[in-house]
2 protein chains.
Amino acid sequence: MATQTGETRSGGETRERILDVAEVLFTEHGFEGTSMRLITGNAGVNLAAANYHFGTKEALFQAVFHRRLTQLNRMRLDALDQMELEAEGLPLKASQVLEGFFGPVLAMATDTRHGGHTFMRLLGRTYTEPAQFIRKFMAEEFSDVISRYSDALRRALPGVPLAEIMWRLHFMMGAVSYAISGIDALQLVSGRFDDDPAQLAPRLMSFLLGGLRAPLPDLISPHAQLPTGGVGDGAFAPDFGAARA
Amino acid sequence: MATQTGETRSGGETRERILDVAEVLFTEHGFEGTSMRLITGNAGVNLAAANYHFGTKEALFQAVFHRRLTQLNRMRLDALDQMELEAEGLPLKASQVLEGFFGPVLAMATDTRHGGHTFMRLLGRTYTEPAQFIRKFMAEEFSDVISRYSDALRRALPGVPLAEIMWRLHFMMGAVSYAISGIDALQLVSGRFDDDPAQLAPRLMSFLLGGLRAPLPDLISPHAQLPTGGVGDGAFAPDFGAARA
DNA sequence: GTATGATTAAAACGAACGTTTGAACGCGGG
DNA sequence: CCCGCGTTCAAACGTTCGTTTTAATCATAC
């Protein structure tokens with residue numbers, strides 16, 4: 001009220017406010033579906049302020065990711081460091097590795113007070129976004145964590161080929177992503193049921209461990225590596241063929 | 001060359017061509033990121049033709065989905081009908097149910113000749129899109145299949161609560177979605193490795209069955225229902241708290 | 001051969017987009 | 001007191017968007 005136009009905000013408050021609002025709106029409407037005007041409007045700041053602080057819309061999007069991913073991956077690496085320290089050179093248990101990798105994700109996802117929930121939905125959604133500039137920095141942000149954790153998993157599951165571990169890590173990331181981002185999608189499709197967020201973690205962890213430690217599949221050509229458990233019945237009807245009218 | 005301007009196309013060829021191109025471009029750039037001009041331009045048809053045939057961009061998007069989803073869910077229901085017929089009233093095996101549900105998906109996903117591969121990536125990506133008009137008809141297209149298959153799963157896994165089955169179905173859909181849409185995302189993050197598409201199905205099926213049949217988690221409040229297998233160690237560090245600077 | 005109805009072409013519509021501009025503002029140190 | 005610097009402001013830039021409009025073109029029936 002002191003001056004004619006808007007009041008001046010302290011320090012980096014405008015910047016942080018833009019980041020917070022952008023995180024929510026990018027989650028709700030996607031990158032292309034969110035306009036700079038919508039972001040700055042909801043944040044109560046001037047349109048040009050966004051370009052002043054971040055340059056371009058792409059850079060703003062990256063800044064949203066960088067702020068959270070740095071924190072997330074730091075938590076993951078710290079957890080792994082501590083577990084490996086306590087293990088004194090012995091391989092970790094698979095459940096420990098999973099907890100180190102997905103624990104921070106779930107903690108962030110169920111934290112509604114600091115916006116982590118919103119971001120994790122955005123992350124899951126963005127992981128499959130093919131936009132070039134997104135893929136680029138996603139790879140950079142993740143490569144360290146992936147290599148450290150795939151290594152820990154390889155030691156936790158001796159005899160399982162590395163390719164299999166990578167695939168299962170990939171599958172697990174999909175399950176976690178859906179677990180976080182698709183709760184309403186699930187309700188939408190199946191009506192209401194037990195969705196207590198406090199029970200999501202044990203549910204998910206049990207599922208992930210079951211999948212990670214499942215018997216190895218019968219692969220087509222190469223030498224089978226471990227006993228399989230009657231999984232390979234049925235060949236997934238590979239002939240899709242001329243089914244399209 | 002017979003006439004001054006373009007040649008006329010037969011019957012519904014223009015319509016089909018628009019659908020095919022739209023499917024590819026929606027997959028690559030998303031709904032908001034794909035313009036009608038890009039679609040019609042790549043299809044070699046006039047811009048107005050798209051609005052003539054489909055009315056609006058949203059209706060075109062729905063048409064893309066309807067064409068494939070109808071086929072996909074028909075395959076799923078047919079497979080379930082036949083399996084239940086052959087079972088003569090006895091419950092199906094969990095592996096059968098999974099194969100009926102995800103088999104058509106994988107068959108479509110690995111079929112590069114008829115564009116199914118493209119569509120399945122689009123489906124996985126769209127499942128978590130929060131756009132209202134998308135959620136609406138996704139629910140309609142899927143509700144039949146979900147209720148039939150969740151019922152079959154419930155009979156295949158007696159003693160497992162329905163809520164648990166729905167959650168695991170949800171987790172599995174996430175894993176399958178990533179398996180289909182994120183192959184390059186995986187390579188991007190971990191370098192090249194074995195990605196023979198013919199081996200994706202057995203790999204995925206093994207993982208899914210392991211997760212589906214995993215021991216039930218220790219839930220916080222309610223009565224435990226089945227013996228659990230030492231999964232509940234660690235509580236996923238629920239205090240995320242003031243970690244943000 | 002020509003009238004008819006379906007389909008396409010080309011151009012234009014207003015609105016919304018990301019970004020830039022140049023002036024005004026608040027506030028610290030001379 | 002005022003000047004310089006970081007920041008915010010209103011306004012405008014040129015482009016692209018989804019959609020509509022008007023006229024031309026085609027296949028077909030008479």
Side-chain angles (χ1 to χ4, degrees), chain A residues 1-26 28-65 126 129 131-134, chain B residues 1-65 129 131-134:
Chain A
M1 305 286 182
T3 61
Q4 264 190 340
T5 60
E7 63 269 50
T8 295
R9 267 175 272 278
S10 69
E13 191 187 324
T14 296
R15 203 188 128 94
E16 280 289 315
R17 192 194 292 237
I18 292 174
L19 280 176
D20 289 339
V21 172
E23 189 173 80
V24 173
L25 294 180
F26 280 142
E28 287 178 358
H29 308 113
F31 176 73
E32 314 268 5
T34 304
S35 71
M36 298 291 273
R37 284 172 175 81
L38 188 64
I39 294 172
T40 53
N42 278 32
V45 305
N46 189 269
L47 172 60
N51 288 96
Y52 171 78
H53 283 287
F54 301 99
T56 68
K57 187 184 178 184
E58 289 193 359
L60 169 59
F61 190 82
Q62 290 187 237
V64 167
F65 264 78
T126 308
E129 291 254 348
Q132 204 55 44
F133 80 97
I134 295 177
Chain B
M1 299 290 182
T3 60
Q4 264 189 340
T5 60
E7 65 271 43
T8 294
R9 266 176 272 279
S10 68
E13 188 185 339
T14 296
R15 203 187 127 94
E16 282 287 316
R17 193 194 291 235
I18 292 175
L19 280 177
D20 289 339
V21 172
E23 188 171 79
V24 173
L25 293 181
F26 280 140
T27 302
E28 286 178 359
H29 308 114
F31 176 74
E32 313 269 4
T34 304
S35 71
M36 297 292 273
R37 285 171 175 81
L38 188 63
I39 294 172
T40 53
N42 279 32
V45 305
N46 188 267
L47 171 60
N51 288 95
Y52 172 80
H53 282 289
F54 301 99
T56 68
K57 187 184 178 184
E58 288 193 1
L60 169 59
F61 190 82
Q62 290 187 238
V64 167
F65 264 78
E129 292 253 349
Q132 204 55 43
F133 80 98
I134 295 178

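By convention in this document, chain letters (A, B, ...) are assigned in the order of the sequence lines, proteins followed by strands, and residues within each chain are numbered from 1.
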For Phe54(B), ring pair (Phe, Tyr, Trp, His ring centres under 6.0 Å) partners two or more places apart: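 If we apply the ring pair (Phe, Tyr, Trp, His ring centres under 6.0 Å) test to Phe54(B), skipping adjacent residues, there are no hits.
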5' precedence on DNA chain D between Asn51(B) and Leu47(A) (nearest-nucleotide basis): Leu47(A)
Heavy-atom check, side chain of Leu60(A) versus side chain of Leu19(A), under 4.5 Å: yes
Glu32(B) side chain near Phe31(A) side chain, heavy-atom distance below 4.5 Å: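 In short, these two side chains do not touch, never coming nearer than 4.5 Å.
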Verdict with supporting geometry, Ile39(A) and Leu47(A), side-chain contact (heavy atoms from CB on, under 4.5 Å): CA-CA 8 Å; Ile39(A) 294 172; Leu47(A) 172 60; over 6 Å; no
Members of residues 35-42 of chain A that approach DNA chain C, where some heavy atom sits under 4.0 Å away: Ser35(A), Met36(A), Arg37(A)
Rounding to a whole Å, what distance do you find between [X]:[atom1] and [N]:[atom2]?
X        : N       : atom1 : atom2 : answer
Lys57(A) : dC17(C) : NZ    : C1'   : 8 Å
Tyr52(B) : dT22(D) : OH    : P     : 17 Å
Arg15(B) : dT8(C)  : CZ    : P     : 12 Å
Arg17(A) : dT8(D)  : CZ    : P     : 10 Å
His53(B) : dG18(D) : NE2   : P     : 18 Å
Glu32(A) : dG18(D) : CD    : P     : 11 Å

Listed nucleotide nearest any side-chain atom of Ala48(B), set dT8(D), dA6(C), dT20(D):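 That would be dT20(D).
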Shortest non-hydrogen contact between Ile18(B) and Ala50(B), atoms and distance: CD1-CA, 3.9 Å
Watson-Crick or G-U pairs under 3.5 Å in DNA chain C, rendered as dot-bracket with [ ] for crossing pairs and | for another strand: |||||||||||||||||||||||||||..|
